[in-house]
Number of protein chains: 2
Amino acid sequence: MAVTIREVAKAAGVSTAAVSKVLHGRGNSVRVSDVRAAHIREIAESLNYRPNAVARNLRIRRTHAVGIIFENFGSFANGPLYYMHLFEGVGGVLFKNHYRMTILAEIAHDDVLSSLGDGQLDGVVWCKLTRDPESLALIHSCPIPIVAMNAPAPTVPTEAVFVSCDNEGGIDLAVQHLVALGHRRIAFLYERQELDTPDRQARLEGFHDAMKARTGVDATAEDVLEWDWLLPEFSGWWAAKPPHTAIICWSERTAGNLILQATSAGLSLPGDLSIVGFDSTQYCETTTPRLTAVCQPIYEMAAAAATTLLAMIDGMPPIQSSFTFPCTFDVRDSTTTPRSPLNAENPS
Amino acid sequence: MAVTIREVAKAAGVSTAAVSKVLHGRGNSVRVSDVRAAHIREIAESLNYRPNAVARNLRIRRTHAVGIIFENFGSFANGPLYYMHLFEGVGGVLFKNHYRMTILAEIAHDDVLSSLGDGQLDGVVWCKLTRDPESLALIHSCPIPIVAMNAPAPTVPTEAVFVSCDNEGGIDLAVQHLVALGHRRIAFLYERQELDTPDRQARLEGFHDAMKARTGVDATAEDVLEWDWLLPEFSGWWAAKPPHTAIICWSERTAGNLILQATSAGLSLPGDLSIVGFDSTQYCETTTPRLTAVCQPIYEMAAAAATTLLAMIDGMPPIQSSFTFPCTFDVRDSTTTPRSPLNAENPS
DNA sequence: TGTGTATGATTAATCCGTTAATCGCACTTC
DNA sequence: GAAGTGCGATTAACGGATTAATCATACACA
């Protein structure tokens, strides 16, 4: 059907080796004179020759394709924008380097497993955050180079590379910001979830550390709110007149939902309650008030992941087995000085 | 390096044909007894044999991979969620049918062109809306089956299939809704853009038709607002006391931005101005007020596109060369009765 | 006995580029 | 004149699976 390299060779009166060399310039033991090269190019053009990449991939044992796997493909559009940024960031680097990106949807776990070893992918970027044993096993025994985003740090020696942000440091920025505004009683909020994720865990730990460090007082159990998202827990909590003047949410969406609940419960934001989110995307601009949030350098992280992966594919051993990026902090409109600042605790 | 089918065959004392038949069950002129089949499976398992998909793809001339191309990959996260839904919808069907999805980023136009003919993709879903000549040419002369979403209808015979929503009908729903609320002077808003897109064009036409049909009066030039998005055109327009009580925006984001501008200009929404968007996604829930919008059945459209594409790949001629899906209408909080209803024009 | 049919299994060509190995030849150098 | 060097070009094996064609054997039936 399609024109093959053999037909081009025949039409040009040369060997397939010559055509291959001229058109793709790889073999270094093949030499072609300039005159012939030009002729070959001409013939190929006139025959409208399109090289078959599959055959080439088979021979050179490389496809220039990288897989990317998410735990939540299928609910991307309704989920946090974080994933989309990650997706774009990784894609950008890959495309610039003439790699393609293939989505690995985890319809079945076995599908993923066999995808990784079937020769169609040169490497994988792993964007699943859950720490289920199967995923971990897969990461640690992946037959091709793999970089894991925000995944749990390795406990056993592995060839995988891990990229994440400094979750603890990010939460510390949030606490610092609130303390500077005059807040002292600060809560940390997350939704009840089936599977724990390492980033949520890290942020919770960061909260405890930061509270101790910045206020001098240990956070207590009542400072950690674990809510089932569908229930109107907010109203009950608020009605009980909690001592908190600010809430740090473990994620952007959590913060957004909190804003909605607080607003519909009649609170005036940020006066009645300061709210901080984690992950600073376009979404933070669309809430009312606009959401103050910790910002992961997602594009840098994605670029580091992709760049490292490509280096690994090229056979270079990774410089580091894990990369951790510092967070920044984006102040918007959802935080302000507490209604009754230091007075409550320290009347002047 | 990796275990090949030949090694399995040797270890099991059978031919490669037998192994191929047992493990992948394709050849129908090859027969293997149950006993041997079991034995082969056992050996393959013990050797941890992983079939090389690239070799298979070369032989069967099929990769079970479908490409998807967007005009705006790289600004997905900040763009309309419409694209994400499309992406997910197409992906869902593909994955269920054991196809993979590869992103085609249009770094260079030539890259795309050669990607389509290099044997690595069985088909393409085209999600670019721009109608530049090169894209059109590509769609019409694509070497593999192609389905184009919301692309301009073909003017010449082509094997491509086109899927879109009934843009005109969607706008008509918006106009009907507003008219039923009592609005008579309704404007249509879109941003000034470099490249025209057929869907925007269709919605504008739909606006004219619907206004004529639903109010009995032709829309005039001043009813069509083409704003350069970065300029504060809204304030000027509003200050000039326009006769309009409602604005239909050509897209979701346009509507969202309009809300922001109107709110910051001091208007009370929806009382002072009713606003309707096009595309009803999660985004419409996050605006204040929540955005009333025309809703494309994106998942159905995506599913139709993917399903049709797979059928084409399997050699079946498409049932139709184009599919048009009706829109629905999601009433939220950004529309209400006009401040001075019919009174202005028709004092009782 | 001879013919026909079904089952079980193998051989070898094929898909299409890539590339190590080889060859011829012209030219240089000692 | 023998040996060495470089360029230009080809041959043929190779990557790993699929499958049409072929073969062998067993059994049924007239």
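Letters A, B, ... mirror the listed sequences (proteins, then strands); counts begin at 1.
One interatomic measurement links the two molecules: CG of A:L58 to P of C:dT18, which rounds to 11 Å at whole-angstrom precision. D:dG16 atom C1' lies 13 Å from atom CD1 of B:I60, rounded to whole Å. Distance B:K21 NZ to D:dG16 C1': 19 Å, rounded to the nearest Å. Summarising the geometry, the separation between CG on A:N57 and P on C:dG17 is reported as 12 Å, rounded to the nearest angstrom. The distance between atom CZ of B:R56 and atom C1' of C:dT14, rounded to the nearest whole Å, is 16 Å. In this structure, CZ of B:R6 is placed 11 Å from C1' of D:dT18, rounded to the nearest angstrom. A:Q120 has its CD atom 13 Å from the C1' atom of D:dA17, to the nearest Å. In this structure, CD1 of A:I5 is placed 11 Å from C1' of C:dT19, rounded to the nearest angstrom.
In this structure, the salt bridge (Lys or Arg N to Asp or Glu O under 4.0 Å) partners of A:D118, at least two apart in sequence or on a different chain, are B:R100. Applying the salt bridge (Lys or Arg N to Asp or Glu O under 4.0 Å) criterion to A:R62, with sequence neighbours excluded, gives A:D314. Not counting sequence neighbours, the partners of A:Y82 by the side-chain hydrogen bond (donor to acceptor under 3.5 Å, both in side chains) test are A:N150. Among residues two or more places apart in sequence or in another chain, the side-chain hydrogen bond (donor to acceptor under 3.5 Å, both in side chains) test is passed with A:N52 by none.
The side chain of A:S20 places no N or O atom within less than 4.0 Å of a non-bridging phosphate oxygen (OP1 or OP2) of C:dG17. Contact annotation: A:Y49 side-chain N/O to C:dC16 OP1/OP2 distance is not under 4.0 Å. Contact check, A:H24 against C:dG17: no side-chain N or O comes under 4.0 Å of OP1 or OP2.
Interface remark: the A:R61 side chain does not form any donor-acceptor pair with the D:dG15 base, using a distance-only criterion of under 3.5 Å.
Here the side chains of A:M101 and A:V66 are not in contact, with every heavy-atom distance at 4.5 Å or above.
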In B/S/- notation, 5' to 3', how is nucleotides 6-12 of chain C contacted by protein heavy atoms closer than 4.0 Å?
-SBBBBB
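Aromatic rings of A:F73 and B:F87 (six-membered ring for Trp) have centroids within the 6.0 Å cut-off, being under it.
Counting only residues at least two apart or on different chains, the side-chain hydrogen bond (donor to acceptor under 3.5 Å, both in side chains) pairs with a member in residues 297-312 of chain B are B:H85-B:Y299, B:E88-B:Y299.
With the nearest nucleotide of DNA chain C identified for both A:R50 and B:R59, B:R59 has the one nearer the 5' end.
Of the candidate nucleotides D:dA17, C:dG17, D:dG15, C:dG17 has the atom nearest to the side chain of A:N52.
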